[in-house]
Amino acid sequence: GCGSKDDSTGSGSGDGKIVLGFSQVGAESGWRTANTKSIQDSAKAAGIELKFADAQGKQENQITAIRSFITQKVDVIAFSPVVTSGWDAVLKEAKDAGIPVILTDRAVDSQDTSLYVTFLGSDFIEEGKKAGQWLVDQYKGKTGPVSIVELQGTTGAAPAIDRQKGFADTIAADPNLKIVKSQTGDFTRAQGKTVMETFLQSTPKIDVLYAHNDDMGLGAIEAIEAAGKKPGTDIKIITVDAVKDGMTALSEGKINYIVECSPLLGPQLMDVVKQVKSGGSPEKRILTKETTFTQEQAKTELPNRQY
Ligand code: AHR
């Protein structure tokens with residue numbers, strides 16, 4: 001302040017504030033909107049100057065944003081990678097510039113883990129396993145084939161890869177449980193609806209829908225109702241996230257089970273940013289705490305749901 005330049009942060013902001021460059025995936029889902037708000041609110045509360053860039057779902061936009069943060073000499077870069085692969089070059093540029101990078105929400109597949117300080121977010125494989133375990137338990141002791149359709153998240157994104165794997169590995173315990181169709185709905189409501197329409201047209205018997213997020217599940221519910229079927233009854237539905245709209249559908253009986261994925265990563269991210277700036281070394285992997293919800297549990301939790 002007071003016109004005196006303080007270049008100690010190297011950020012050029014001049015007031016000694018930590019400057020954080022954050023590259024967000026986009027605004028594809030209710031989860032993402034809540035995540036963005038959490039990051040913006042907690043930066044403000046922590047007194048951190050946030051440079052926020054929305055990549056609109058495109059990796060090339062994220063790479064451009066990260067390069068621009070490097071040019072601007074921000075203190076720390078954080079980002080939620082849209083897909084897992086293709087980050088080595090730009091992460092190396094950040095490292096060479098001496099700017100620490102924090103992975104938020106989603107992982108990268110870089111072999112060189114020195115390219116980032118830590119990865120803060122959920123265990124998506126565990127989420128897929130929880131979804132699968134619920135289904136295994138539902139059909140325990142029953143006979144006859146169970147026909148499952150799957151709406152995958154964005155192709156190549158960590159949550160799509162891991163939620164598919166955790167689920168498939170777990171339902172393998174019951175040979176009656178079969179995934180008959182699996183396609184991406186890009187984590188959006190609109191594509192969840194469109195893809196579910198094609199599933200309904202091409203597949204005479206669908207017992208279960210597993211959607212990698214609430215939004216795709218909610219889009220699919222519209223398609224199921226339009227086809228004259230009852231979501232949650234004629235077709236059992238499992239989703240991931242537990243945003244307010246998903247929890248509402250769960251409490252109304254249109255979804256049967258939701259595996260929680262918390263978008264509220266902001267406060268933890270700001271703590272890590274401060275830690276990194278003051279020379280500390282956070283854990284290489286920081287896991288988010290999450291639960292699961294049945295229809296009954298959703299009724300209790302819904303009034304407290306902020307997002
Ligand atoms: O990476 C987290 C996932 O991205 C959320 O589960 C999904 O809703 C979002 O788009």
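Side-chain atoms are counted along with the backbone in the values below, which use heavy atoms only and exclude waters and symmetry mates. Ligands are counted one by one from 1 in listed order, and the atoms in each one are counted from 1 as well.
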Under 3.5 Å donor-acceptor, Q306 side chain and N304 backbone: yes
Cation-pi geometry met for K284 and Y116 (6.0 Å, 45°): yes
Test of proximity, N213 against ligand 1: N or O pairs below 3.5 Å: yes
Ligand 1 N/O within reach of E28 N/O, cut-off under 3.5 Å: yes
Part of M216 within contact of ligand 1 (heavy atoms, under 4.0 Å): neither
Where ligand 1 meets F187 - atom numbers and elements under 4.0 angstrom, heavy-atom basis: 7 (C), 10 (O)
Top protein contact for atom 6 (O) of ligand 1, by heavy-atom distance: D241 OD1, 2.6 Å
Donor on one side chain, acceptor on other, T203 and K181, under 3.5 Å: yes
For atom 2 (C) of ligand 1, closest protein heavy-atom neighbour: D105 OD1, 3.3 Å
Considering all heavy atoms, the nearest D105-S80 contact: OD2-OG, 2.9 Å
Between D271 and Q275, a side-chain donor and acceptor under 3.5 Å: no
Check: V243 main-chain N/O paired with W31 side-chain donor or acceptor under 3.5 Å: no
Selection residues 174-219 - residue pairs positive for ring-ring contact (aromatic ring centres under 6.0 Å, His included), sequence neighbours left out: F167-Y210, Y210-H212
Atoms of ligand 1 close to S29 [distance to a heavy atom under 4.0 angstrom, numbered from 1]: 7 (C), 8 (O), 9 (C), 10 (O)
Any R163 heavy atom less than 4.0 Å to ligand 1: yes
Numbered atoms of ligand 1 (with element) below 4.0 Å of P159, judged on heavy atoms: 1 (O)
